[in-house]
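Below: the structure, in structure tokens.
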Amino acid sequence: MKTSTANPAVVKKKKKSFWYVFKKNLPLTVMAAPGLIVMILFRYLPMSGLLLAFKRFSVRDGIFGSQWIGFKNFEFLFKTTDAWIITRNTLLYNGLFILLDLVMAVAMAIGLNELLKKRRAKIYQTIFMAPYFLSWVVVSFMAFSMFSVDDGLFNHLLDYFGFAGVDWYSDPGKWPFILTFFQLWKTIGYSTVMYLSSLTGIPNDYYEAAVIDGATKWQQIKNITLPCLKPMMIVLTILAIGRIFYADFGLFFQLPRDSGPLYDVTQVIDTYVYRALKETGNVGMASAASLYQSVVGFVLVVGTNLVVRKMDPDSALF
């Protein structure tokens with residue numbers, strides 16, 4: 001019977017090849033080290049805090065020494081009378097934001113890309129992008145200057161034309177429109193830039209061939225631009241759906257100025273947890289809400305990606 005043994009030279013060669021690859025990639029590893037360290041410190045190490053969702057946290061006992069209480073911290077989300085309101089508001093607002101952001105950002109990106117004077121397009125792009133860098137605190141004061149009952153711009157205009165003033169911060173019916181407007185105004189520029197970056201990668205040969213074939217501008221957009229934007233649209237939509245249970249805290253807390261009469265239309269999961277944490281100081285309860293949002297977001301991302309992969313495997317995120 002013939003037996004074979006490993007060749008020591010081959011093994012030695014494999015070990016050398018590992019160190020060779022390591023040394024070859026050492027500059028890239030050093031460049032990536034700060035980002036990896038930050039990710040470990042602020043993304044992975046804090047994961048130990050997930051234990052708080054199943055414990056009655058005590059500062060004296062710490063995270064690992066606190067008493068286990070199972071799923072009792074989750075009860076405040078599901079047994080409260082506000083559970084339906086905060087879930088409804090979170091899902092409906094985010095669903096509307098995803099849809100409008102997708103349509104308007106793509107339309108604006110195509111419009112800017114079609115401008116013949118690129119300098120003017122850059123000016124418009126800067127104007128659309130500027131609100132993204134404002135904090136919601138600043139935006140809330142801008143909104144207050146418009147909606148203030150006594151000195152607001154809108155009430156002065158209504159009074160000038162002979163109409164009665166409106167108590168904007170006590171009228172829930174108007175705030176779904178106000179919140180949607182300010183959300184789009186603040187974030188639409190960032191999404192537009194994302195799609196513009198994809199448009200720059202489309203070869204001009206496609207459009208030149210379409211012009212030779214007699215295609216109109218709408219036909220070029222329909223048959224060239226939109227299909228080329230499709231992968232980016234799908235990826236950004238999947239990522240947005242993954243955060244559909246997360247609400248922009250500044251939008252729903254700062255902009256309405258924490259007005260009690262508006263809670264029915266401005267109360268979302270994040271603001272509810274913040275107010276409950278501020279009143280009760282229950283850290284475990286806040287951790288349970290965060291874990292719930294993360295798990296649901298993960299399931300939504302994976303599920304949406306599976307649907308996309310079955311419909312169009314090349315457009316799936318993973």
Non-hydrogen side-chain atoms of Trp175 and Asp264 separated by less than 4.5 Å: no
Under a 3.5 Å distance rule, please check whether Asn155 uses its side chain to pair with a backbone N or O of Gly165 as donor and acceptor. no
Do Val137 and Val139 sit in one hydrophobic cluster, given that two such residues count as connected whenever their side-chain heavy atoms are within less than 4.5 Å of each other, even indirectly? no
Is there a path of hydrophobic side-chain contacts, each under 4.5 Å between heavy atoms, that joins Val103 and Leu184? no
Count the heavy atoms belonging to other residues, nucleotides or ligands that lie under 6.0 Å from CH2 of Trp68, then report whether that count exceeds 12. yes
Is there side-chain contact between Tyr132 and Val193, with at least one heavy-atom pair below 4.5 Å? no
Leu196 and Leu199, any side-chain heavy atoms less than 4.5 Å apart: yes
Non-hydrogen atoms of Phe128 and Pro131 that approach each other most closely: O-CD, 3.3 Å
If hydrophobic clusters are built by linking Ile, Leu, Val, Met, Phe, Trp and Tyr wherever their side-chain heavy atoms come under 4.5 Å apart, do Val166 and Leu153 end up in the same one? yes
Where do Ala247 and Asp270 come nearest, in terms of heavy atoms and distance? N-OD1, 2.9 Å
Going through the checks in order, is the side-chain contact (heavy atoms from CB on, under 4.5 Å) test met by Phe74 and Leu291? CA-CA 10 Å; Phe74 293 86; Leu291 178 59; 4.0 Å; yes
Starting at OG of Ser148, measure out to CG of Asp167 and round the result to the nearest 0.5 Å. 9.5 Å
Indicate yes or no: at least one non-hydrogen side-chain atom of Trp185 is less than 4.5 angstrom from one of Leu134. yes
Give, for atom CE of Met146 and atom NE2 of His156, the distance between the pair rounded to the nearest 0.5 Å. 13.5 Å
Do Leu52 and Phe64 sit in one hydrophobic cluster, given that two such residues count as connected whenever their side-chain heavy atoms are within less than 4.5 Å of each other, even indirectly? yes
Val273 versus Ala289, closest heavy-atom pair with distance: CG2-CB, 3.4 Å
Nearest heavy-atom approach of Gly173 to Pro176 is O-CD, 3.7 Å
Going by the rule salt bridge (Lys or Arg N to Asp or Glu O under 4.0 Å), which residues pair with Asp171 if we only count those two or more places apart in sequence or in a different chain? Lys174
Start with the C-alpha gap between Phe97 and Leu251, add the side-chain angles, then the distance that decides, and say whether side-chain contact (heavy atoms from CB on, under 4.5 Å) holds. CA-CA 12 Å; Phe97 294 161; Leu251 172 66; 3.7 Å; yes
Should Val268 and Leu277 be counted in the same cluster of Ile, Leu, Val, Met, Phe, Trp and Tyr side chains packed under 4.5 Å apart? no
Distance-only, no hydrogens or angles: does the Ser145 side chain make a donor-acceptor pair with backbone N or O of Met142 under 3.5 Å? yes
Taking all non-hydrogen atoms of both residues, which atom of Tyr124 and which atom of Leu112 are closest, and how far apart? CB-CD2, 3.6 Å
Of Leu229, Thr225, Leu236, Thr192, which is the lone residue that meets side-chain contact (heavy atoms from CB on, under 4.5 Å) with Val106? Leu229
Please verify the inter-ring angle class for Phe144 with Tyr169; under 30° counts as parallel, over 60° as perpendicular, anything in between as tilted. tilted
Do Ile238 and Val301 come within less than 4.5 Å of each other through their side chains, counting heavy atoms only? yes
Do any N or O atoms from the side chain of Thr271 and from the backbone of Gln267 form a donor-acceptor pair under 3.5 angstrom? no
Working to the nearest 0.5 angstrom, can you tell me the gap between Thr237 OG1 and Met232 CE? 11.0 Å
Quick one, Arg243 and Leu239 - any side-chain contact, counting heavy atoms below 4.5 Å? no
Polar contact flag, side-chain donor to acceptor under 3.5 angstrom, Tyr263-Asp258: yes
Could you note down all residue pairs passing salt bridge (Lys or Arg N to Asp or Glu O under 4.0 Å) where residues 55-68 supplies at least one of them, sequence neighbours left out? none
pair Ile202-Tyr207: side-chain heavy atoms closer than 4.5 Å: yes
One should read off an interatomic distance between Met233 CE and Met194 CE, to the nearest 0.5 angstrom, of 13.5 Å
CZ (Arg120) with more than 12 external heavy atoms under 6.0 Å: no
Whether the side chain of Tyr93 engages the backbone of Val265 through a donor-acceptor N/O pair (distance < 3.5 Å, no angle test) should be reported. yes
Are Phe147 and Ile178 close enough that some pair of their side-chain heavy atoms sits under 4.5 Å apart? yes
Side chain of Asn94, backbone of Tyr246: donor and acceptor closer than 3.5 Å? yes
To the closest 0.5 Å, what do you measure between CH2 (Trp84) and CG (Asn89)? 9.0 Å
So, Thr90 side chain and Phe245 main chain: donor-acceptor pair closer than 3.5 Å or not? no
In short, Arg257 meets Ser140 closest at the heavy-atom pair NH1-O, 4.0 Å
Does a sphere of radius 6.0 Å around CE in Met129 hold more than 12 heavy atoms from other residues, nucleotides or ligands, not counting ones at 6.0 Å or beyond? yes
For Ser287, does its backbone N or O pair with a side-chain atom of Ser290 as donor and acceptor, under 3.5 Å? no
Roughly how far, to the nearest 0.5 Å, is OG1 of Thr266 from CD1 of Ile86? 12.0 Å
Where do Phe182 and Trp136 land on the side-chain contact (heavy atoms from CB on, under 4.5 Å) test, with the steps shown first? CA-CA 10 Å; Phe182 277 98; Trp136 280 114; 4.3 Å; yes
Give the C-alpha distance, both sets of side-chain angles, the deciding distance and a yes or no for side-chain contact (heavy atoms from CB on, under 4.5 Å) between Asn73 and Phe71. CA-CA 5 Å; Asn73 283 327; Phe71 291 93; over 6 Å; no
